[in-house]
Amino acid sequence: MLPSLAPLLHEWLPRQRWFAGKGRPVTGFSLVAATEILPLDPAVAGPGLLHLLVRAHQPSRPATSHGDCYQLLLGVRSSLPPPLAAARIGQVADGPLAGLTLYEGLHDPRVAGLLLERFRNPGSLGPLRFERAAPIEAGLAPRVLDTEQSNSSLVYGDAYILKIFRRVFPGTNPDLELPLALGREGCGRVPSPVAWFEAATTPEPLTLGVLQPFLRGARDGWQLALAALDAGGDFVPEARALGRATAEVHTALAVALPTPALLRSQTRDLVTAMVGRLEAAAQAVPALVPYVPGLRAAFDAVTALGHEGRGWAAQRVHGDLHLGQTLRGEDGFWSLIDFEGEPSKPLPERRGPQPPVRDVAGMLRSFDYAARTHRPWSPEWAARCRTAYCEGYAAASGTDPRGEPELLRAHETDKAVYEVLYEARHRPDWLPVPMAAIHRLATATA
Ligand SMILES: Nc1ncnc2c1ncn2[C@@H]1O[C@H](COP(=O)(O)OP(=O)(O)O)[C@@H](O)[C@H]1O
Ligand SMILES: O=P(O)(O)O[C@H]1O[C@H](CO)[C@@H](O[C@H]2O[C@H](CO)[C@@H](O)[C@H](O)[C@H]2O)[C@H](O)[C@H]1O
């Protein structure tokens with residue numbers, strides 16, 4: 001069946017927000033798995049639903065010789081009703097679906113409703129395995145979340161949110177693994193998965209989607225920080241509360257999952273990886289080149305300490321924490337979401353234990369981002385938030401992240417380097433934001 005769909009996918013897939021291989025040609029597709037979740041019955045006017053895992057071949061991509069694997073939920077109908085016109089992918093020219101219209105299934109309420117029913121009645125369907133941790137309400141109206149995101153999400157009646165992972169990897173996705181572990185630990189800072197589904201591929205299953213409680217009326221920390229800046233208002237109490245929330249999540253993760261101290265050789269590996277990322281980023285973004293020696297000094301400072309025999313505490317962390325990954329409920333309670341880690345890193349790396357200061361560094365960068373994107377620029381606003389966040393973290397965990405300044409600076413530097421690459425690839429207009437931090441970090445003394 002795939003050959004007959006390939007011409008349509010060639011056109012459609014690279015244009016999707018979640019397609020990770022932008023800018024490099026797709027030379028072909030191979031099928032990883034295909035499941036008819038809902039067989040098309042021409043006698044009934046309703047849709048068919050085809051679940052596909054396809055590998056997109058992009059030979060110019062050196063890191064992934066086999067190409068990235070994407071999850072597609074394709075609706076099939078003989079004709080599309082007007083509300084689904086925007087979801088149209090195209091008409092199939094040949095093969096078993098010849099003449100039928102292919103469309104993005106998640107936009108079809110009947111398809112979305114069917115998925116919820118699958119979660120309500122878990123079990124296997126071909127290679128797909130649906131699991132449920134709690135009872136689920138029936139008949140909730142679905143809507144596609146209308147936001148910039150790396151995956152696709154559906155909200156059901158403001159009760160649940162279903163995240164469909166788009167680029168999928170062998171192994172349990174940390175966005176399922178960590179919220180489940182935190183739920184078991186009784187940590188209320190992270191919405192606990194209600195249901196999920198995976199593909200039973202070998203040697204490891206692929207996590208495909210997670211259903212969680214929807215935090216109705218919640219606003220994310222990025223919007224709130226910008227609103228505070230617009231109003232000339234303070235964000236210090238919120239930053240302190242965010243520090244507390246992060247510390248509580250770290251404490252629970254440290255109880256739930258292993259906490260190996262990094263050996264000296266592992267500290268060296270960690271620093272070597274940071275240096276490698278810096279060099280790769282400088283090749284891709286020439287504006288970084290003059291700063292490389294100054295930035296390297298931040299990494300070398302950690303290696304020097306390692307040689308004196310200090311081993312760093314490590315544990316599972318969020319991995320890509322920033323203001324946009326925090327939600328404040330109507331009652332003022334902060335939650336953390338999206339534990340996938342940095343999407344560009346290989347899954348085994350994202351699932352490895354890391355110093356918790358990695359997340360702290362991410363949030364410190366985020367206060368800087370908010371202050372920098374706002375006019376007039378307010379460095380004092382960011383500095384106050386950064387201090388309050390560390391104070392909140394220290395009060396809740398007993399460990400002040402500023403107590404190991406070399407490690408904090410190295411992680412902040414690593415994050416700023418990541419951001420330079422991220423912005424160069426995705427939002428070139430934003431590049432000056434991390435570049436300003438690069439300038440500061442390269443010229444600061446530890
Ligand atoms: N449990 C939740 N309750 C309310 N809104 C949520 C919840 N989880 C995610 N969201 C919203 O969905 C958006 C996308 O979720 P996220 O997990 O960050 O997806 P992605 O990994 O695709 O970027 C978030 O920015 C947030 O606004
Ligand atoms: O939320 P994602 O997992 O998709 O994270 C990626 O995109 C983020 C931007 O949406 C990016 O975050 C950077 O910009 C934010 C403001 O938009 C800022 O708050 C963050 O501090 C900054 O890193 C993130 O790095 C990237 O992985």
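In each ligand, atom 1 is the first atom listed, and ligand 1 is the first ligand listed. The first residue of the sequence shown is numbered 1, and numbering continues consecutively from there.
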With heavy atoms under 4.0 Å as the rule, classify the contact between [X] and ligand 2 as side chain, backbone, both or neither.
{"X": "R427", "answer": "side chain"}
{"X": "D338", "answer": "side chain"}
{"X": "S150", "answer": "side chain"}
{"X": "Q325", "answer": "side chain"}

Which residue holds the protein heavy atom closest to [atom], what is that atom called, and what is the gap in Å?
{"atom": "atom 25 (O) of ligand 2", "answer": "Y418 CE2, 3.3 Å"}
{"atom": "atom 11 (C) of ligand 2", "answer": "Y422 CE2, 4.0 Å"}
{"atom": "atom 3 (O) of ligand 2", "answer": "D320 OD2, 3.2 Å"}

### Task
Please could you name the atoms of ligand 2 that S366 approaches to less than 4.0 Å, counting only its heavy atoms?
18 (C), 19 (O), 20 (C), 21 (O)

### Query
At a 4.0 Å threshold, what atoms of ligand 2 neighbour a non-hydrogen atom of E419?
21 (O), 22 (C), 23 (O)

SB check [X] [Y] (cutoff 4.0 Å):
{"X": "D320", "Y": "R350", "result": "no"}
{"X": "R166", "Y": "D68", "result": "no"}
{"X": "D359", "Y": "K415", "result": "no"}
{"X": "D108", "Y": "R110", "result": "no"}
{"X": "E117", "Y": "R120", "result": "yes"}
{"X": "E104", "Y": "R17", "result": "no"}
{"X": "R427", "Y": "E148", "result": "no"}
{"X": "R358", "Y": "E342", "result": "yes"}

Report every pair formed by an N or O atom of ligand 1 and a protein N or O atom separated by less than 3.5 Å, giving atom names and the distance to 0.1 Å.
from	atom 1	to	atom 2	distance (Å)
ligand 1	1 (N)	P213	O	3.0
ligand 1	3 (N)	L215	N	2.8
ligand 1	17 (O)	K163	NZ	2.8
ligand 1	18 (O)	D338	OD2	3.1
ligand 1	19 (O)	Q149	NE2	3.3
ligand 1	19 (O)	K163	NZ	3.4
ligand 1	21 (O)	N151	ND2	3.1
ligand 1	21 (O)	K163	NZ	2.8
ligand 1	21 (O)	D338	OD1	3.4
ligand 1	21 (O)	D338	OD2	3.0
ligand 1	22 (O)	Q149	NE2	2.9
ligand 1	22 (O)	S150	N	3.1
ligand 1	22 (O)	N151	N	2.8
ligand 1	22 (O)	N151	ND2	3.2
ligand 1	23 (O)	S150	N	3.4

### Task
Fit a plane to each ring of F235 and W334, take the angle between them on a 0 to 90° scale, and name the class: parallel (under 30°), tilted (30 to 60°) or perpendicular (over 60°).
perpendicular

### Message
For the aromatic rings, using the six-membered ring if either is Trp, is the centroid distance between F197 and F119 under 6.0 Å?
### Response
yes

## Note on the structure
Shortest non-hydrogen pair, S192 vs P179, comes out as OG-O, 4.0 Å

### Summary
Here the pair of heavy atoms bringing T35 nearest to L125 is CG2-O, 3.7 Å

### Query
Counting both backbone and side chain atoms, is some N or O of R365 under 3.5 Å from an N or O of ligand 2?
no

### Task
Answer yes or no: does an N/O atom from E342 fall short of 3.5 Å to an N/O atom of ligand 2?
no

### Query
Looking only at non-hydrogen atoms, which of Q149, H322, M363 approaches atom 1 (O) of ligand 2 most closely?
H322

